[in-house]
Amino acid sequence: MRILKILFLFLILTSANCKKNPDTVLVKKNISYLALGDSYTIGQSVSASERYPVILADRLSDADVSVAPPRIIATTGWTTNNLKNGIISAGIDKNKYDVVSLLIGVNNQFQGRSITEYKTQFTELLQMSISFAYGNKDKVFVISIPDYGYTPFGHNNQAKISSSIDQFNAVNKAIVDSMGIKYFDITSISRNGLLDPELVAGDGLHPSGKQYQQWVDLMASGVRAIVKK
């Protein structure tokens with residue numbers, strides 16, 4: 001009888017503690033993550049484990065959530081229109097993902113496509129992203145376009161590239177801000193590429209795993225807040 005009383009008291013105390021500190025016992029599991037983009041999302045010239053969506057999912061899973069391996073819809077060279085077509089071809093279901101990220105635009109800039117076209121298509125992609133996240137804009141985040149002017153590939157034309165990238169980023173940020181969506185500016189990180197060659201992959205153009213780690217350092221707490229909502 002004494003043992004039963006002790007066990008009963010233990011259960012009462014444990015229950016009370018859980019009510020006072022729910023965050024210490026509630027762990028979100030199997031968070032589904034969809035990453036949409038281009039070469040920066042698929043991780044051109046780095047290993048699969050060094051892609052930023054993979055690093056981000058691992059980082060979150062090391063904390064107080066469990067994120068399933070991300071689904072990545074991205075291909076090197078894709079413009080906003082290519083990404084839209086890729087999404088359609090992939091047959092992504094609406095109302096399926098707990099968090100969705102979008103990073104797109106560098107190839108629009110590189111190919112000399114118009115800002116007006118980018119604005120229209122980026123807005124459409126952002127609306128599609130929201131539809132994949134159960135129609136909840138709070139579950140979507142956007143990443144700024146990196147500046148490849150600060151790489152061996154682009155440094156000879158750095159000023160022009162940087163100015164153009166700034167214009168495209170001004171457009172996507174204005175759209176994101178108007179919709180109240182989370183935005184992460186990683187462009188400043190990419191602009192350390194000439195000062196620290198280890199931030200650039202072996203192809204002399206794309207970010208290295210080290211740079212992607214720095215992206216995740218910047219984003220992790222903000223994305224953690226998104227998935228815990």
> Nearest heavy-atom pair of M219 and F184: which atoms, and what distance?
Replying inline: CG-CG, 3.5 Å
> Looking only at heavy atoms, what is the nearest atom pair of Q158 and Y150, with distance?
Replying inline: NE2-OH, 3.0 Å
>> Are Y97 and Y33 an aromatic pair, judged by ring center distance below 6.0 Å?
In response: no
>> For E117, is the CD atom crowded, meaning more than 12 foreign heavy atoms sit under 6.0 Å from it?
In response: yes
> Side chains of S114 and T116: do they bring a donor and an acceptor to under 3.5 Å?
Replying inline: no
>> Pairing donors with acceptors under 3.5 angstrom, does anything connect the side chains of N85 and N82?
In response: no
>> Can you pull out every salt bridge (Lys or Arg N to Asp or Glu O under 4.0 Å) where at least one residue sits in residues 184-196? Sequence neighbours excluded, please.
In response: D147-R191, D166-R191, D196-K210
>> Can you confirm whether D98 sits close enough to S32 that some side-chain heavy atom of one is under 4.5 Å from a side-chain heavy atom of the other?
In response: yes
>> Looking at D217 and R59, is any side-chain nitrogen of the basic one under 4.0 Å from a carboxylate oxygen of the acidic one?
In response: yes
> Is the closest side-chain heavy-atom distance between I42 and T75 below 4.5 Å?
Replying inline: no
>> Can you tell me how far apart OG1 (T80) and CZ (R113) are? Round to the nearest 0.5 Å.
In response: 7.5 Å
> Would F168 end up clustered with L36 when hydrophobic side chains under 4.5 Å apart are linked, directly or stepwise?
Replying inline: yes
>> According to side-chain hydrogen bond (donor to acceptor under 3.5 Å, both in side chains), who are the partners of Y134, at least two apart in sequence or on a separate chain?
In response: none
>> Would the distance check show the side chain of S131 and the main-chain N or O of M128 forming a donor-acceptor pair, the cut-off being under 3.5 Å?
In response: yes
>> Do V142 and L103 have side chains that approach each other closer than 4.5 Å (heavy atoms only, starting at C-beta)?
In response: no
>> Can you classify the ring geometry of F110 versus Y148 as parallel (below 30°), tilted (30 to 60°) or perpendicular (above 60°)?
In response: perpendicular
>> For the CG atom of N136 and the CG atom of N95, what is their distance to the nearest 0.5 Å?
In response: 10.5 Å
> Can any side-chain N or O of Y212 pair as donor or acceptor with the backbone N or O of Y40 at less than 3.5 Å?
Replying inline: yes
> Between CD1 of I143 and CD1 of I104, what distance do you get to the nearest 0.5 Å?
Replying inline: 11.5 Å
> So do the side chains of K228 and V65 get within less than 4.5 Å of each other, counting heavy atoms only?
Replying inline: yes
>> Would the distance check show the side chain of K96 and the main-chain N or O of A133 forming a donor-acceptor pair, the cut-off being under 3.5 Å?
In response: no
> What distance separates N172 CG from T123 OG1, expressed to the nearest 0.5 Å?
Replying inline: 10.0 Å
> Between P152 and V200, what is the shortest heavy-atom contact and its length?
Replying inline: CD-CG1, 4.1 Å
> OG1 of T79 to CD of Q109: how many Å apart, nearest 0.5 Å?
Replying inline: 13.0 Å
> With distance as the sole test, does S163 use its side chain to make a donor-acceptor pair with the main-chain N or O of K160 at under 3.5 Å?
Replying inline: no
>> Tell me if the aromatic rings of Y183 and F141 count as close, with their centers under 6.0 Å from one another.
In response: no
>> Check for me, please, whether M179 and I226 land in the same ILVMFWY cluster - side-chain distances under 4.5 Å, paths through other members count.
In response: yes
> Is the backbone N or O of P146 less than 3.5 Å from a side-chain atom of S190, with the two atoms forming a donor-acceptor pair by type?
Replying inline: no
>> Side chains of S39 and W78, heavy atoms from C-beta outward: is any pair under 4.5 Å?
In response: no
>> If I compare all heavy atoms of I73 with all of A90, which pair ends up nearest, and what's the gap?
In response: CD1-CB, 3.9 Å
>> Within the structure provided, determine whether K84 and I88 are in side-chain contact (heavy-atom separation under 4.5 Å).
In response: yes
> Closest heavy-atom contact between I165 and I145?
Replying inline: CG2-O, 3.7 Å
>> Show, in sequence, the C-alpha distance, side-chain angles and deciding distance for S61 and D58, and conclude whether the side-chain hydrogen bond (donor to acceptor under 3.5 Å, both in side chains) test is met.
In response: CA-CA 5 Å; S61 295; D58 289 344; 5.5 Å; no
> Are V223 and L56 side-chain neighbours, meaning at least one heavy-atom pair lies under 4.5 Å?
Replying inline: yes
> So Q167 and I115, side-chain contact (heavy atoms from CB on, under 4.5 Å) or not? Walk me through it.
Replying inline: CA-CA 8 Å; Q167 292 177 46; I115 288 286; 4.2 Å; yes
>> Which residue is it: L102, I92, L34, I87? I am looking for the one with a side chain to side chain contact (heavy atoms under 4.5 Å, CB included) to S129.
In response: L102
>> Quick check on the hydrophobic clustering: are V140 and V227 connected, directly or via other members, by side-chain heavy-atom contacts under 4.5 Å?
In response: yes
>> For I175 and K119: C-alpha separation, side-chain torsions, deciding distance, then whether side-chain contact (heavy atoms from CB on, under 4.5 Å) applies.
In response: CA-CA 8 Å; I175 295 169; K119 181 177 182 179; 3.8 Å; yes
>> Which residues pass the salt bridge (charged side-chain N to carboxylate O under 4.0 Å, His left out) test with D177, not counting sequence neighbours?
In response: K173
>> Pair R51, T41 - check side-chain contact (heavy atoms from CB on, under 4.5 Å), show working.
In response: CA-CA 7 Å; R51 296 168 177 168; T41 300; over 6 Å; no
>> Within this structure, what is the CD-CD1 distance for the pair Q214 and I55, rounded to the nearest 0.5 Å?
In response: 10.5 Å
>> Using the rule given for side-chain contact (heavy atoms from CB on, under 4.5 Å), can you reason through Q121 versus N108, listing the C-alpha separation, both sets of side-chain angles and the distance that settles it, and then say yes or no?
In response: CA-CA 10 Å; Q121 295 177 352; N108 292 68; 4.3 Å; yes
> So, for D138 and G180, which heavy atoms are closest and what is the spacing to 0.1 Å?
Replying inline: OD1-O, 4.4 Å
> With hydrophobic residues grouped by side-chain heavy-atom distances under 4.5 Å, do V216 and V54 end up in a single group?
Replying inline: no
> Out of curiosity, does I72 fall in the hydrophobic cluster containing I186 (side-chain heavy atoms, cut-off under 4.5 Å, transitive links)?
Replying inline: no
> Can you tell if the side chain of I189 reaches within under 4.5 Å of the side chain of L218, non-hydrogen atoms only?
Replying inline: yes
> Any sub-3.5 Å donor-acceptor pair from Q211's side-chain atoms to L199's backbone N or O?
Replying inline: yes
> Taking S144 for the side chain and T187 for the main chain, is one N or O donor matched with an acceptor at less than 3.5 Å?
Replying inline: yes
